[in-house]
Amino acid sequence: MAIHSNLISLLFLATTITILTISPRPTSAATRRPQFNVVRFGARPDGRTDSTRAFLTAWTRACGSRVRVIMLVPKGRFLVRNMQFTGPCRNRSIFVRILGTIVAPNNIWTTGNSPHWIEFHRVDGVTISGGVLDGKGAALWACKKAGRSCPNGATTLSISNSQNVVVSRLTSLNSHMFHMVINFCHNVKLQGVRISAPGNSPNTDGIHVQFSTAVTIVSSKIATGDDCVSIGPGTANMLVDKVTCGPGHGISIGSLGKDVNEQGVQNVTVRSTTFVGTTNGFRIKAWGKPSNGFARNILFQHATMYNVQNPIFIDQRYCPNRNCADQGSGVRVSDVTYQNIRGTSATQVAVNFDCSNRSPCRGIRLNNVRLTYRNRAAVASCRNAGGTAYGFVQPRSCL
């Protein structure tokens, strides 16, 4: 009996060990979410088959779910036309996971007549993660350069009238026009974003923000043919942190004052940035005509400039087509701080405050600025600008 009991005990122990050994590991919350794979709805990862309908069907299913879901774009190249992913959805946690590349059609007229190629509209709680968006913009740039009849071109990724959105580790290549636009949104975070287009590609702004609050751009690299980041009217409480820019036109607030009645920009912090061979570093640009717009409470902090043409620039005579009558900008620029800025200027004038006599710049502060030109002291230029300089400031302040 003792031998029999011991045998049963050994068999029970062996069975228990076997069960523990083959039991599956606990899965993460993301893995347990229902997945809507675009391939399941007919998408083809060959880069040639139009997969637009499959993407929109997958979104409809994900948006209609009552639980947290994943919309999955697996590895491969997926050709799509213009798409709008519209809310509101029945749940506030949709994870759009992109493992492959989404490509635009070669024909510029297919997507170029619409303002957006891919748009998320009226969504809440969406995360877009990973992957590549290839806008195929080169043909449109060539068309415009040749002076032929061309469509206006589309923004690659637009997020509009939305809140609580995250864009993470997404790469945008060769957009027709702007790469990413945040419009009428609240609480949007872009992190680890990569944007790439040639330095001579027209109007290919990296990230444009307007009429939005609580937008954060962090740990991103932007190389493009226009502003790396442009901050338009109606923007407030924005943070740009750890962004590398170049080539491009720098980080710009504006253009402002194009309209007489216009919302302003306020409470913007830009810090820990690097500029390499850009047209501008930190720029505030306003049209030279009447407006009730403003830019106030702006902090530019901890930046390194490498061979930048206009490292620090306030331009209240902005005129991109060089055919404007200067009526005096009405945009009020005030409480702007430049702190811990260092590097090299590609032009002798490294600091240029070209402000309006109608609305002079007020409360400009320079603190610990060290900019040189060809290993020599650079120059600062002021017109209708008032403020203070403290700490080490080079070039010598003209405020």
*Asks:* If we ignore angles and hydrogens, is there a donor and acceptor under 3.5 Å between the side chains of Asn164 and Asp124?
*Replies:* yes
*Asks:* Checking Asn113 against Asn152: is there a side-chain donor and acceptor pair closer than 3.5 Å?
*Replies:* no
*Asks:* Do Phe282 and Phe275 have ring centres separated by under 6.0 Å?
*Replies:* yes
*Asks:* Going by atom types only, do Gln163 and Asn187 share a side-chain donor-acceptor pair under 3.5 Å?
*Replies:* no
*Asks:* Closer than 3.5 angstrom, by distance alone: can the side chain of Thr273 be matched with the main-chain N or O of Lys242 as a donor-acceptor pair?
*Replies:* no
*Asks:* Any idea which heavy atoms bring Gln316 and Ser356 closest together, and the distance?
*Replies:* OE1-N, 2.9 Å
*Asks:* Keeping Gln394 on the side-chain end and Leu371 on the backbone end, is there a donor-acceptor pair under 3.5 Å?
*Replies:* no
*Asks:* Does Ser158 reach the side chain of Phe120, with side-chain heavy atoms less than 4.5 Å apart?
*Replies:* no
*Asks:* Do side-chain atoms of Arg358 reach the backbone of Gly328 as a donor and acceptor pair under 3.5 angstrom?
*Replies:* yes
*Asks:* Under 6.0 Å from the six-membered ring centre of Trp141 and within 45° of its axis: does the NZ or CZ of Lys144 meet both?
*Replies:* no
*Asks:* Is there a path of hydrophobic side-chain contacts, each under 4.5 Å between heavy atoms of I/L/V/M/F/W/Y residues, joining Leu56 to Phe95?
*Replies:* no
*Asks:* Please confirm whether the backbone N or O of Val132 pairs with a side-chain atom of Thr171, one donor and one acceptor, at under 3.5 Å?
*Replies:* no
*Asks:* Answer with yes or no whether the side chains of Glu119 and Ser160 bring together a donor and an acceptor at under 3.5 Å.
*Replies:* yes
*Asks:* Might you point out which heavy atoms bring Thr204 and Ser175 nearest each other, and give the distance in Å?
*Replies:* CG2-O, 3.5 Å
*Asks:* Do you see a donor-acceptor pair shorter than 3.5 Å between the side chains of His249 and Asn280?
*Replies:* no
*Asks:* List the atom of Val38, the atom of Val73, and the distance in Å for their closest heavy-atom pair.
*Replies:* CG2-CA, 4.1 Å
*Asks:* May I ask you to check if Arg370 and Phe392 form a cation-pi contact, with NZ or CZ under 6.0 angstrom from the six-membered ring centre and within 45° of the axis?
*Replies:* yes
*Asks:* Could you tell me whether the side chain of Ser212 and the main chain of Gln210 form a donor-acceptor pair under 3.5 Å?
*Replies:* yes
*Asks:* Look at the side chain of Asn357 and the backbone N and O of Pro360, then say whether any donor-acceptor pair between them is shorter than 3.5 Å.
*Replies:* no
*Asks:* Within a reach of under 6.0 Å around CZ of Arg194, are more than 12 heavy atoms found that belong to other residues, nucleotides or ligands?
*Replies:* yes
*Asks:* Is the shortest distance from a Lys or Arg side-chain nitrogen in Asp227 or Arg283 to a carboxylate oxygen in the other one below 4.0 Å?
*Replies:* yes
*Asks:* Any luck finding a side-chain donor-acceptor pair between Arg33 and Ser93 under 3.5 Å?
*Replies:* yes
*Asks:* Do you know which two heavy atoms are closest between Ser255 and Pro233, and how far apart they sit?
*Replies:* O-CD, 4.2 Å
*Asks:* Let me see the working for Cys382 and Cys355 under disulfide (SG to SG under 2.5 Å), right down to the final yes or no.
*Replies:* CA-CA 8 Å; Cys382 291; Cys355 301; over 6 Å; no
*Asks:* Looking at Asn375, I want to see if its CG is surrounded by more than 12 non-hydrogen atoms of other residues, nucleotides or ligands under 6.0 Å.
*Replies:* no
*Asks:* Count I, L, V, M, F, W, Y as connected when their side-chain heavy atoms are under 4.5 Å apart, and connections chain through other members. Are Val336 and Ile251 then in the same cluster?
*Replies:* yes
*Asks:* Check whether the ring centres of Tyr338 and Phe353 lie less than 6.0 Å apart, and answer yes or no.
*Replies:* yes
*Asks:* May I ask you to decide whether Arg317 forms a salt bridge with Asp326, counting only side-chain N to carboxylate O separations under 4.0 Å?
*Replies:* yes
*Asks:* Validate the cation-pi geometry between Arg296 and Phe294: distance from NZ or CZ to the six-membered ring centre under 6.0 Å, angle to the ring axis within 45°.
*Replies:* yes
*Asks:* Please determine, by modelled atom types, if Thr155 and Trp117 share a side-chain donor-acceptor pair under 3.5 angstrom.
*Replies:* no
*Asks:* With clusters defined by side-chain heavy atoms of hydrophobic residues (ILVMFWY) lying less than 4.5 Å apart, directly or transitively, does Val69 cluster with Val39?
*Replies:* yes
*Asks:* Work out which heavy atom in Pro198 is nearest to a heavy atom in Asn174; give both atom names and the distance.
*Replies:* CD-OD1, 3.6 Å
*Asks:* Without hydrogens or angle criteria, can the side chains of Thr49 and Arg44 be said to hold a donor-acceptor pair below 3.5 Å?
*Replies:* no
*Asks:* How about Gln84 and Thr86: does a side-chain donor come under 3.5 Å of a side-chain acceptor?
*Replies:* yes
*Asks:* Quick check: does any side chain N or O of Thr278 sit under 3.5 Å from a backbone N or O of Gly248, one acting as donor and the other as acceptor?
*Replies:* no
*Asks:* Starting from Trp287, can I reach Val331 by hopping between I/L/V/M/F/W/Y residues whose side chains sit under 4.5 Å apart?
*Replies:* no
*Asks:* Check whether the side chains of Asn106 and Lys136 place a donor and an acceptor atom closer than 3.5 Å, and report yes or no.
*Replies:* yes
*Asks:* Could you tell me whether a side-chain N or O of Thr347 sits under 3.5 Å from a main-chain N or O of Gln309, the two making a donor and an acceptor?
*Replies:* yes
*Asks:* Could you pull out the closest heavy-atom pair between Ser172 and His179, with the gap in Å?
*Replies:* OG-ND1, 2.7 Å
*Asks:* Quick one: does any side-chain atom of Asn91 pair with a main-chain N or O of Ser65 as donor and acceptor, under 3.5 Å?
*Replies:* yes
*Asks:* Could you check whether Arg81 pairs with Asp50 (Lys NZ or Arg NE/NH1/NH2 to Asp/Glu carboxylate O, under 4.0 Å)?
*Replies:* yes
*Asks:* Same cluster or not: Ile284 versus Val268, using hydrophobic residues (I, L, V, M, F, W, Y) connected whenever any side-chain heavy atoms lie under 4.5 Å apart?
*Replies:* yes
